[in-house]
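This structure is a prediction, so every number in the text was calculated from the model and none was measured.
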Amino acid sequence: MRLPGTRYQEHGWEQVRKLLGQCSLQALARIDPVRLAGSEGEALLPEYVDAVARLLRVDGGRGEAPGNSYGDSVRELALSLVYELGARPSDWAALCTAVAGEHARMGAFWNMPGGEALLRKKFNDLYAVLRDKVDSDNYQAACGRPCSPNRMYAYRMLDTAYGEVARLFKAWREHREQVGAILARSVEAEPIEARLLAGVSGCRPEWILRWSESLERFTGAPGPLHTRSKRFAALKDSPDKIGAMLREIGEYEALSANGDRDWLQDANDATAWLEDYWRVIGESEQASTPGPDRILEARQEELDLAEPVYDEQAAEPLPLLAEQVAQQVSLSPRYLQMAAAAQERGSWALRMMVDDTLPVRLAVYLKLLGPFDDSYPSEWLDPATGELPTMQQLAMLDGVSLPTLRKRRDAAIARLSSAGNEETR
């Protein structure tokens with residue numbers, strides 16, 4: 001999930017959390033945990049921050065992983081959060097109080113079986129709260145709208161709920177009854193909502209409410225909007241608020257979805273072009289002969305002087321489809337003529353497949369590019385589907401069996417691949 005100003009709400013958070021927990025335990029091996037439970041616990045914050053920061057800088061592979069879609073690594077996010085903790089002593093004091101409570105109840109619990117995991121959980125809880133505080137502060141600075149850590153948590157819950165609803169819609173056959181509960185109707189075939197749900201902004205608030213309500217029935221545990229906790233009480237009876245928050249998540253994700261990718265590609269292409277340019281200039285200077293430049297006499301190549309040759313046989317129009325064939329393939333009798341006329345005559349692919357029939361060429365495009373591509377002329381498409389004809393239709397158009405068409409298509413693809421490899425050598 002991405003929102004303005006946030007850095008800790010995306011996929012990399014799990015790695016950040018694990019790295020912080022690991023380094024915290026290593027730091028506590030030097031700082032006796034019993035000191036956290038004592039009177040000097042709150043004064044240990046600078047020492048803890050320095051120790052964890054040093055460990056994070058020497059961490060191996062986990063810290064190099066991407067932490068979010070803005071380019072921050074897991075290590076960078078973890079370091080920022082540790083230094084943020086150094087500026088928030090109240091959060092550290094809450095951790096010391098929690099450790100002191102466990103110590104008073106169980107003694108030195110970190111030395112017991114499973115004690116390290118319990119101590120790690122204390123730090124995980126500390127950073128889970130801290131990340132929402134940091135992100136909610138940054139959200140307010142970016143948008144100028146108030147946002148509490150609890151509201152940030154609610155954004156994340158709704159984004160997770162949308163992911164679960166989308167997953168159920170995608171696997172509606174396996175979860176037919178629960179999908180029906182979410183849509184408030186019986187589901188006998190693929191629901192149109194499953195096809196229309198293209199993003200979080202298209203998720204309806206009533207689906208989220210019904211999904212949460214259905215969890216206790218289908219999983220045995222109440223949904224986040226139907227627990228006794230008051231954390232989401234303001235959302236339970238406010239579908240308008242849920243809808244507005246879902247739309248905000250979707251709108252910002254669309255706005256921040258790698259919009260500079262084309263510019264980066266242009267920059268890379270320009271850099272490669274300049275490198276090739278200077279390489280060619282350098283090779284030319286090295287291969288040049290000494291002496292003044294000479295302008296050579298302009299002569300036409302023999303190929304330029306040759307008369308153009310036209311293949312009259314290839315120029316002959318293709319016949320109309322027989323009425324029976326046209327009905328079988330559900331295409332216009334003039335389909336082959338119009339599709340042939342729409343071909344790009346000078347294309348490399350057409351030159352390589354000049355000896356193949358039009359249905360074989362279309363079968364090649366169907367295999368390599370799929371049933372629909374922006375490069376396809378509209379004359380190639382089946383009006384009923386808006387896509388290329390199927391292999392069965394193309395076999396009927398070519399008057400051959402389906403296995404024969406597949407064999408000819410694969411042979412044409414092999415020729416294209418071989419010709420392309422030779423040209424790149």
Side-chain angles (χ1 to χ4, degrees), residues 1-14 16-17 20 45 49 67-72 76-95 97-98 123-165 199-209 211-212 222-257 259:
M1 179 190 75
R2 289 192 298 270
L3 285 172
T6 62
R7 287 294 183 271
Y8 294 96
Q9 305 297 322
E10 294 188 60
H11 55 277
W13 168 250
E14 277 303 303
V16 175
R17 180 183 64 81
L20 286 170
L45 177 57
V49 170
N68 58 30
S69 58
Y70 299 106
D72 297 318
E76 290 168 339
L77 291 175
L79 275 170
S80 297
L81 208 55
V82 168
Y83 288 132
E84 189 70 36
L85 176 63
R88 297 174 183 256
S90 59
D91 292 286
W92 177 257
L95 169 76
T97 301
F123 281 90
N124 287 345
D125 293 343
L126 163 71
Y127 286 115
V129 173
L130 184 58
R131 70 150 168 169
D132 284 342
K133 288 183 177 180
V134 171
D135 274 348
S136 61
D137 287 347
N138 291 335
Y139 175 92
Q140 292 183 82
C143 298
R145 295 193 295 269
C147 180
S148 66
N150 191 56
R151 183 176 179 84
M152 186 59 61
Y153 187 90
Y155 276 118
R156 190 166 64 252
M157 182 277 294
L158 291 176
D159 185 68
T160 302
Y162 154 72
E164 284 298 301
V165 170
V200 61
S201 56
C203 186
R204 299 178 187 172
E206 57 266 27
W207 296 347
I208 300 294
L209 290 167
W211 164 79
S212 176
L225 293 169
H226 291 79
T227 62
R228 295 181 179 179
S229 171
K230 296 182 180 180
R231 169 166 267 178
F232 302 123
L235 293 178
K236 184 176 179 180
D237 300 318
S238 303
D240 291 343
K241 286 184 180 179
I242 295 175
M245 293 172 76
L246 290 171
R247 284 192 299 274
E248 184 178 359
I249 295 171
E251 287 169 1
Y252 188 73
E253 285 192 351
L255 180 66
S256 60

Checklist entry - Quick one: CD1 on Ile249 to CG on Leu158, what's the gap to the nearest 0.5 Å? => result 6.0 Å

Checklist entry - To the nearest 0.5 Å, what is the distance between CG (Asp135) and CD (Gln9)? => result 4.5 Å

Item to check | Arg7 and Asp72, any side-chain heavy atoms less than 4.5 Å apart | outcome: yes

Checklist entry - Which heavy atom in Leu81 sits nearest to a heavy atom in Arg131, and how many Å separate them? => result CD1-CA, 4.2 Å

Checklist outcome for this item: In terms of heavy-atom contacts, Pro89 and Leu45 come closest through CA-CD2, 3.9 Å

Checklist entry - Taking the side chain from Thr6 and the backbone from Arg2, do they hold a donor-acceptor pair closer than 3.5 Å? => result no

Checklist entry - Between atom CG of Leu20 and atom CG of Leu79, what is the distance when rounded to the nearest 0.5 Å? => result 8.5 Å

Next on the checklist: For a quick test of reading the model, state the closest non-hydrogen atom pair linking Tyr127 to Trp13 and the distance between them.
Outcome noted: O-CH2, 3.7 Å

Item to check | Test log, rule side-chain contact (heavy atoms from CB on, under 4.5 Å), inputs Leu235 and Met157 | outcome: CA-CA 11 Å; Leu235 293 178; Met157 182 277 294; 4.3 Å; yes

Item to check | With sequence neighbours excluded, residues passing ring-ring contact (aromatic ring centres under 6.0 Å, His included) with Trp211 | outcome: none

Item to check | Under 3.5 Å: donor-acceptor pair, side chain of Asn68, backbone of Tyr8 | outcome: no

Item to check | Minimum-distance pair of heavy atoms, taken over all atoms of Gly243 and Pro205 | outcome: N-CB, 3.8 Å

Next on the checklist: Tell me if a side-chain donor or acceptor on Ser212 pairs with a main-chain N or O of Leu225 at a distance below 3.5 Å.
Outcome noted: yes

Checklist entry - Just how far is it from atom CZ of Arg151 to atom CG of Leu3, taken to the nearest 0.5 Å? => result 9.5 Å

Checklist entry - Got a sec, which residues hit ring-ring contact (aromatic ring centres under 6.0 Å, His included) with Trp92, two or more places apart in sequence or on another chain? => result Tyr48

Item to check | Steps toward side-chain contact (heavy atoms from CB on, under 4.5 Å) verdict (Glu253, Asp159) | outcome: CA-CA 11 Å; Glu253 285 192 351; Asp159 185 68; 4.2 Å; yes

Checklist entry - How long is the gap from CZ on Arg204 to CD1 on Ile242, to the nearest 0.5 Å? => result 14.5 Å

Next on the checklist: Using modelled atom types and a 3.5 Å cut-off, is there a donor and acceptor pairing between side-chain atoms of Glu10 and backbone atoms of Ser69?
Outcome noted: yes

Next on the checklist: side-chain contact (heavy atoms from CB on, under 4.5 Å), that's the test. Do Arg88 and Val134 meet it? Break it down for me.
Outcome noted: CA-CA 10 Å; Arg88 297 174 183 256; Val134 171; 4.2 Å; yes

Checklist entry - Just by distance, do the side chain of Thr160 and the backbone of Arg156 share a donor-acceptor pair under 3.5 Å? => result yes

Item to check | For Tyr153, ring-ring contact (aromatic ring centres under 6.0 Å, His included) partners two or more places apart | outcome: Phe232

Item to check | Straight-line distance of Met152 CE to Cys147 SG, nearest 0.5 Å | outcome: 4.0 Å

